[in-house]
Each structure stands twice: as structure tokens, then as C-alpha cells.
Visitor: 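Here you go, one structure.
In this text, all values refer to a predicted model and were calculated from it rather than measured experimentally.
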Amino acid sequence: MENIIDRKYEYVMSMDEDGWLVGGGYKTFDFSGKMPYIDSSHTELLRIGSMDPDHGGTTISQVYAAMESLTFTPFSIYPEYLKGGGGHHSGDNNDEEEAVPAGDVTLIVSVIETYEDGDSESSYETFLDNLFSAMDAVGGGPCMDDHDTDPHVSMSRGVKFKSSWHQQQYMYNANLEVAVWQSMYPKGVPIGSSGYASFPPGRGGVRQYVSYGNLYFFFDRANITKAFGPSRDLTENEQYYATLFKTGDAESYYAATTSINFDYSGSRDDNDGDWEHNAYAWKATMAKHDMTEGWDLPPNCEQEGETFFGIPLSRKSDSNLQSTSTFQEQFDFENIIDRNYTYLKEFGTNHGWLVSGEEIGNSAGSIVDKDTAHIPVFYIGTTNPNMGGMSLSDMIKIAKHIDFGKLYIKPAFLFIDDDGHVKLQFEADAASALGYLYSALCKELGIEWNYNKPSNNLGVYTNCAMHSAGDRAKYGCGPENDNSGGFCPQMTVAYSPKFQSEDTAAAFLARGNNYVDYWRGLYPNGVAVGTSSFCPDGGCLGLFMNRYDLYNVFKPDLGGSWVEYGGMSSPPTYSPAPTWTGGCDEPHNVHLDICFRKRIKPKAPAIAWDSLGSVGQFSVFLLTFMAVTLSVSIFLARARKKRKKGESYVAFFIRDMNRKRKKKKKKKKGMSDLEESMLDGDMSRKSKRSASRSKSRTSRSRSQSKSSKSRSNTTGGVRASRSRSRHASRRKRSASGSRRGVEGGGSKAEAEKDVRQQLV
């Protein structure tokens, strides 16, 4: 499916916030900022509708019971053609002749009719008949369709192409790929995989083998909760085609297919006339935009983007970019929505309530999004500089320079706009901190328009912001405010809800506005939102990748900013700029990196301990434990052997320690005599050495004579006489030598002394 979408924006100008629903989904940091959903490609066979039996719906357990009572063979799918079009009629192009038309992109497919064992009715027709009968048997509600759905794959919604020519080129290239598929699978192909998946997705799902030819129950297009396998395995022929693309044998089909031999005229590429997006017809009021369609981009912007600056209001966010899921505690938006469907009938999109979140089991079967409540302030566009946008790092640098005050907000009223979306309007005071922030963002990041140019100290700009450099908060919000600006502090509550009647719609708004009046009385001067763990002083600004992912947070009054994703800094250690005079004693500089490190400096043992990691810490703990247990074991063994009768282990330990101290004292006392000086201090080093050596020789001679005398009793007189003669001759030589030295004079004696010292 990746081969039939335009992920590089060669032909497509923009889409709704979901982007491409097929082809692998989106990652969090995609340049387009689309919602980070998984690939939700599917072919719908039967729409179940509401899951609330009290409102005519069918429960999940009833669906499971009906499907488990059926048997079916693997169904083969045949790709027909890709087409454009759709029923998007938002206010983006009302009364605007130059507006770009918006529509859906859909792949039309069909289920191949096969006949088992000579049956007159195809396997698929038999399955549909049995399915409706089984659903009736389990008490399926009237909200379920009474006929099967025409098989198709929804690829994208609210798509706007750059021109009619770009649309024609895209449709041709995509349908050429479909032609290749038709040549590869002339009789269709069972859809499946040889991998594994969890149903439902996530940690709570059961991991199982996917196989080929399964049918699935979709709670919504992003959540498959259960798989149902076919009654037989694939035939050899079916197995060949099912694995043809995976085995790499498809190259020959691509080389052989060079033309399209089927009609795809329903693709709106040849009957709507010529048109082209006029970027210079862009207006500042386009910042008030229908999010279920694509943007009309400004000049020199080649790619859309959902990135924006706004005020986070979620209480149950599911984003992984922040450590907390609660961004404010001042407003509970559960009080202004219709969770029980007292007034509401259905939603016009796959999304349900955008505030307070949705859960598996919601009766409308809406996408299970968490709370994404927020107030968008400034749409910055794509994060791809190569397509006219601005990188995330540059956005953060600019926002860290803007000295805005606490952002106080005050709800005004609940209403339904011209696009049919339920929104909560907040007071738009141009003289407030929020108004100043909007004007500052326009001055520094707005696009060049009507001879007004943006200006900032970093020299980084974007062509994709949906606000002009000359726009100001005093110009208000769009044409409905009889102004021409884009300052629209509004929170979207739900996209295109369908009410049971006009009276129920009025009752819903009246009920919601009663609670808005309560908030207005509770916060007469507005409130700076936050929690004890997220923006505790209140009034922070957020940089959103999309309405789902809050990436960076900025504190007011240049109080710092923080990024928590990927183990980055914890709040608030990123320095704002410029700094204030006074060093770290100045309260405004308390969040600077250097001041933060001075105040909260980790101790060296803590750093060393953290550097070991979990494995190293466990090893140290294990070695310590082993050493302690070994010491205790040795002590117990020693105590059992040497303690006195009736003596406790503690008493033995004290007695043993005292005994060891006494031994050490005796040992030190015995060695103290050896430390005394045995020679005079004025003797030279050589004389000390010769004297010690001569003494050692004398002692050795004496010991030898004594030993020889003792041994004479056993060894005979000969050995004793030899020993005495050697000893006597050594004494004679020594005496004669000393007499000669005295007689020979001082010079000769000194020379002989030097010789003796050298010999020694």
C-alpha cells in the first residue's frame, strides 16, 4: 500500500490531521505532524454500528458469539481501481471560487466469488446470509446495516492536491500500481501474513499467529480486538499467490506492466476542469481551519504540518513525550460532553470526544483516543526546513526568547461552528498575556505578507506558518468576529457530531453553557492552569507535534523550558535567554543550568553508584551479602568451638575482641626496643654499614666455634682441632694486621681502611 500513497508530497498539498491511513502509519516525529496512528488498512464487509444495546446497538460479546457460530473459507480479494472524491463540504471553500476542492482517496476492491463442492451459491454469498442470520439469533440491534458494505479501502480523507494536473499524475501512477497487482493476482489473493500479532493491540492483547484468509472484528479502524480463522487451509495455488510478493518474484510483473487496461474515470481526474492552488490568495483568516480537511498552504510552503504552539488542557493524556498525563486540574470537561448519548446520535468522523478521551467499549465505536484537550494559539506548520518549514530546535529557540506573562484563560461559551464542530470559546483579550504572546509569535514567526516581514534575533523563519507577520491579537478571530485576524483561542470538543434533533442540539448547548457560567463565576479573572507536577505556577505554553503529542513546555516570564522525551532534561533545567544580572542570587536566574547545578549538586557517591547501572549495583549488593554471610558463618563456627559454657554469643564476641586488642598491644611493646637507635648519629653511613657487617661476622664466628665445640663430642677431635686452628689463625692475622697499621703511619692505615671498606 506504500506504493500507492504520496508520502513525499509530490502531488498532494495537504490532508486531514490523520494523513494516510494505509502504508505503515506515522511515527511521532514525522515532518507532517500527523497523528501517530498505526497502519489501519482494511476492507469493511459489514458495519455493526453502535455498541450500546440501550440505543439499538449490538454488544461486542454478541458479535463474538455470532462469528464463532459460523464457518467460512478463505476469501480472495481483487483490486479494482483507485479513485478520488468524497463528501467533504466544509467551510474552507464556501463562497471561495479559488479554493482547492477536498475529497477522499479510496481503493475499490472486490471479493472473488468461489464455489465449493459444486454449490450454486458462492462461498461469500453463503457467508453473508449466515452472518445476518447469526446476528439476528444473538439479538443484534437495529443500528447494524441491513446489507453488506461495498468492499473498499479508505486511504485518506480531506485530501487537497496542488492542482488538477498533480491529481491526474497521482491517479495515473497509483492505478498503474493497481494494474501490476491485477497482473500478479488475476483471480484475487487471500490477504494475510506469516507473522504474529496481538488482538487487541497492546499489552492486554493475546499474541497469535496471523495466517491467511482471516476475518477480524474492528472496534474502530485502529483497534482489532479479535481474529476469526477460516475453516480450511490454503490450497497450493492460493498459497503460491499469497506469498508471491513476499518471495520477491514480483519484479517481472512490474517490468511487463506499462499501461492501464481498466477504467478509473471515477477518480475525478478528467471531468472537473483545470484548477490550481493559488498560494497568493492565502488569507490570515485561514488560521481558523476545518481540521477534517487539508490546509490551503501559503507561498513557498511545499508540505503541510500540524505542529503548533498552544495551551495544554489534558487531564488524561496518552502521549509518551511527557512523564505526566495530567496537565491541568482547574477544568473537568467531562461536564460539557454527552457520554451517555442523551442528545447525540453519532459522530461524523472516526473521532469521538476529543476532551476527556474515549475507551474501548464506547457505544459509538469511536477511535480510542485519550484526552487531547488544548487551545491552539499559533500554527507553525511542518518541521521540515527543506519543504519551507522550520526545525523543532529552531522553534524552541525562538519560543525561549519570548518574554510572555502567565497565560490566564477564561471560558466564554460553548457553540457549534460553521463546519459543524463543537467548540469552547475562550475570551480573546488583545491586551492580555495571551494576546501579547500571539502578537509576538506573529512578529517573529509569521510569514511575509502584505509587505510585513517577520524579524527575530536568530534569523530563522518559516514559510508554512498559518499566520502573517503583520497579524495582531487586536484584529480578532476570523470573519465571524467581523475582524480579519487569526487570534482564535478555541478548544475543539468534537468533530461533526450528529444530534438526534435540533431540540436536543439546543438542549446540549444550554446544558454545557450552564457549566461554562459556573466556571466564569469560579474564575472571574481567569485562571493560569497547571498541576503540582506540571507547570506548578500555572500559565505555561506548549509546543505540540499534533494535538496528541506535547513535546516542549515553556514557563512564563522566561522561567525556563523542558523536554522530557528520550531521557532529556527534567523540568526546568534548560536555560532561557537572555539571563538577568545578579548571578544565581537573582530569582529570575534560578532555572539556569549553572544555577541549577549549584543548588542541586549530586554527591560523588551517588554519581558513582548511578554509574554502576542496575547490573553493577546488583553485583555489589550480592558481593556484600556474600561477605556478610561468610563473616557471620566464621564467627558462629569460632564461637561454638571456643566460647565458655553458658556464655552467650554476644559475650563471647566482646571477650574475643578484647583478647585480640591485648595481643596487639603486647606485640607493639615487644617491637618498640628494635626501633631505638643502635649507633651514634655522627657516624657515617659507610662506617655504620662496615661496623654492622663486622659485628655480624664476629657473631657468626662465635656461633660457629660454639657449634663446633658442641659437635666435637660426636664428630671426633680432628674436626674440633681444625675449627680451633682456623679460629686462632683468623685472630692472629687480625692482630698482626692492626699492629702493622699502627707502625706504618696514618697514610698507610687510611689506604688499608679504604681497601677494607671497598672489599666490604
Visitor: Can you check side chain to side chain donor-acceptor pair (under 3.5 Å) on Asp394 and Ser391, steps first, answer last?
Guide: CA-CA 5 Å; Asp394 287 339; Ser391 67; 3.2 Å; yes

Visitor: Going by side-chain contact (heavy atoms from CB on, under 4.5 Å), name the residues that satisfy it together with Ala428, two or more places apart in sequence or in a different chain.
Guide: Phe487, Pro489

Visitor: Evaluate the ring pair (Phe, Tyr, Trp, His ring centres under 6.0 Å) criterion for residues His289 and Tyr379: first the C-alpha distance (whole Å), next the side-chain angles of each, then the deciding distance (0.1 Å), finally the verdict.
Guide: CA-CA 10 Å; His289 167 65; Tyr379 290 101; 7.6 Å; no

Visitor: Do Asp39 and Val22 have side chains that approach each other closer than 4.5 Å (heavy atoms only, starting at C-beta)?
Guide: yes

Visitor: A side-chain contact here means heavy atoms from C-beta on lying under 4.5 Å apart; do Leu543 and Leu392 qualify?
Guide: yes

Visitor: For the residue pair Glu293 and Lys160, what are the closest heavy atoms and their distance?
Guide: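 Answer, listing the atom of Glu293 first, then Lys160: OE1-CE, 3.9 Å.
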
Visitor: For Ile336 and Arg511, which heavy atoms make the closest approach, and how far apart are they?
Guide: C-NH1, 4.3 Å

Visitor: According to disulfide bond (SG atoms under 2.5 Å apart), does anything in residues 299-340 pair up with another residue at least two apart or in another chain? List the pairs.
Guide: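 For residues 299-340: Cys301-Cys464.
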
Visitor: Is the backbone of Gly420 close enough, under 3.5 Å, to the side chain of Ser496 for a donor and an acceptor to pair up by distance?
Guide: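 Between the backbone of Gly420 and the side chain of Ser496 there is no qualifying donor-acceptor contact (under 3.5 Å).
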
Visitor: Going through the checks in order, is the side chain to side chain donor-acceptor pair (under 3.5 Å) test met by Asp471 and Tyr438?
Guide: CA-CA 9 Å; Asp471 193 11; Tyr438 177 79; 2.4 Å; yes

Visitor: Between Tyr515 and Asn335, is a side chain to side chain donor-acceptor pair (under 3.5 Å) present by the stated rule, with each step listed?
Guide: CA-CA 7 Å; Tyr515 213 89; Asn335 297 297; 3.2 Å; yes

Visitor: Do Tyr264 and Leu82 touch side chain to side chain, with heavy atoms closer than 4.5 Å?
Guide: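 No, their side chains stay 4.5 Å or more apart.
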
Visitor: Look at the side chain of Thr531 and the backbone N and O of Phe327, then say whether any donor-acceptor pair between them is shorter than 3.5 Å.
Guide: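 Such a contact is absent between Thr531 side chain and Phe327 backbone.
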
Visitor: With sequence neighbours left out, what residues match Gln303 under side-chain contact (heavy atoms from CB on, under 4.5 Å)?
Guide: Tyr9, Phe31, Ser32, Thr382, Asn384, Met387

Visitor: Strictly by disulfide bond (SG atoms under 2.5 Å apart), give each pair with a member in residues 317-348 just once, sequence neighbours left out.
Guide: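 Passing the test, one end in residues 317-348: no pairs.
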
Visitor: For residues Trp282 and Ser468, report the shortest heavy-atom separation together with the two atoms involved.
Guide: CH2-N, 3.8 Å

Visitor: Run the disulfide bond (SG atoms under 2.5 Å apart) test against Cys442 and tell me which residues pass, sequence neighbours left out.
Guide: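 Once residues adjacent in sequence are excluded, Cys442 has no partner under the disulfide bond (SG atoms under 2.5 Å apart) criterion.
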
Visitor: Is there side-chain contact between Val377 and Leu407, with at least one heavy-atom pair below 4.5 Å?
Guide: no

Visitor: Got a donor-acceptor contact below 3.5 angstrom from the Ser317 side chain to the Ser325 backbone?
Guide: no

Visitor: Minimum heavy-atom separation for Gly542 and Pro312, please, with both atom names.
Guide: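 Nearest pair, atom of Gly542 first, then Pro312: N-CD, 4.1 Å.
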
Visitor: Does the ring centre of Phe308 sit less than 6.0 Å away from the ring centre of Phe544?
Guide: yes

Visitor: Is the backbone N or O of Thr492 less than 3.5 Å from a side-chain atom of Arg547, with the two atoms forming a donor-acceptor pair by type?
Guide: no

Visitor: Under the side-chain hydrogen bond (donor to acceptor under 3.5 Å, both in side chains) definition, can you give me all pairs with a residue in residues 305-314, not counting sequence neighbours?
Guide: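 Found Lys34-Glu306.
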
Visitor: What closest approach, in Å, do Ile398 and Asn456 show between heavy atoms, and which atom pair accounts for it?
Guide: CD1-CG, 3.5 Å

Visitor: Which residues pass the side chain to side chain donor-acceptor pair (under 3.5 Å) test with Asn300, not counting sequence neighbours?
Guide: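 With neighbours one apart ignored, the set is empty.
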
Visitor: Test Val105 against Tyr170 for side-chain contact (heavy atoms from CB on, under 4.5 Å), laying out the working first.
Guide: CA-CA 11 Å; Val105 175; Tyr170 167 75; 3.7 Å; yes

Visitor: So, for Tyr26 and Trp20, is the gap between ring centers shorter than 6.0 Å?
Guide: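 That pair fails the under 6.0 Å test.
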
Visitor: Report yes or no: does Asp419 contribute a side-chain atom to a donor-acceptor pair with the main-chain N or O of His421 at less than 3.5 Å?
Guide: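 No, Asp419 side chain to His421 backbone: no donor-acceptor pair under 3.5 Å.
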
Visitor: Is a donor on one side and an acceptor on the other found under 3.5 Å between the side chain of His277 and the backbone of Leu297?
Guide: yes

Visitor: Does Asp145 have more than 12 heavy atoms from other residues, nucleotides or ligands lying within 6.0 Å of its CG?
Guide: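 Counting other residues, nucleotides and ligands, CG of Asp145 exceeds 12 neighbours.
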
Visitor: Applying the ring-ring contact (aromatic ring centres under 6.0 Å, His included) criterion to Trp353, which one of Phe347, Tyr495, Phe333, Tyr341 satisfies it?
Guide: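 When Phe347, Tyr495, Phe333, Tyr341 are each tested with Trp353, the ring-ring contact (aromatic ring centres under 6.0 Å, His included) holds only for Phe347.
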
Visitor: Taking only residues two or more places apart in sequence or in another chain, which ones pass side chain to side chain donor-acceptor pair (under 3.5 Å) with Glu427?
Guide: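 If we apply the side chain to side chain donor-acceptor pair (under 3.5 Å) test to Glu427, skipping adjacent residues, the hits are Arg520.
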
Visitor: Below 4.5 Å, heavy atoms only, C-beta onward: do Phe508 and Val422 meet side chain to side chain?
Guide: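 Yes, at least one pair of side-chain atoms sits under 4.5 Å.
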
Visitor: Suppose we screen for side-chain contact (heavy atoms from CB on, under 4.5 Å). Which residues come up paired with Pro36, at least two apart in sequence or across chains?
Guide: Thr28, Asn546, Tyr548, Asp549

Visitor: For the ring pair Tyr343 and Phe499, is the centre-to-centre distance below 6.0 Å?
Guide: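 They do not qualify: ring centres at least 6.0 Å apart.
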
Visitor: Counting distance only, does the side-chain N/O of Ser40 pair as donor-acceptor with the main-chain N or O of Leu21 below 3.5 Å?
Guide: yes

Visitor: Got Met171 and Tyr11 here, is their nearest side-chain heavy-atom distance under 4.5 Å?
Guide: no

Visitor: Restricting to non-hydrogen atoms, name the atom on Met491 and the atom on Ala373 that form the minimum distance, rounded to 0.1 Å.
Guide: SD-CB, 3.9 Å

Visitor: Given side-chain contact (heavy atoms from CB on, under 4.5 Å), test His42 with Ile224 step by step and report yes or no.
Guide: CA-CA 10 Å; His42 66 275; Ile224 302 175; over 6 Å; no

Visitor: Can you confirm if the aromatic rings of Trp275 and Phe161 lie within a centre distance of less than 6.0 Å?
Guide: no

Visitor: Please identify each residue that fulfils salt bridge (charged side-chain N to carboxylate O under 4.0 Å, His left out) with Glu44, with sequence neighbours left out.
Guide: Arg47

Visitor: With a 4.5 Å cut-off on side-chain heavy atoms, are Thr504 and Asp338 touching?
Guide: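 No - every pair of side-chain heavy atoms lies 4.5 Å or more apart.
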
Visitor: Could you list the residues that satisfy side-chain contact (heavy atoms from CB on, under 4.5 Å) with Glu334, not counting sequence neighbours?
Guide: Asp332, Ile337, Arg339, Ser356

Visitor: Look at Asp18 together with Arg157 and state whether they make a salt bridge at an N to O cut-off of under 4.0 Å.
Guide: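 So Asp18 does not pair with Arg157 through a salt bridge.
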
Visitor: Got a sec, which residues hit ring-ring contact (aromatic ring centres under 6.0 Å, His included) with Phe413, two or more places apart in sequence or on another chain?
Guide: Phe415

Visitor: Please examine the side chains of Trp295 and Met286, heavy atoms only from C-beta on, and report whether any two atoms are closer than 4.5 Å.
Guide: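 Met286 does not reach Trp295 side chain to side chain.
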
Visitor: Between the main-chain N or O of Leu313 and the side-chain N or O of Gln328, is there a donor-acceptor pair closer than 3.5 Å?
Guide: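 Present.
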
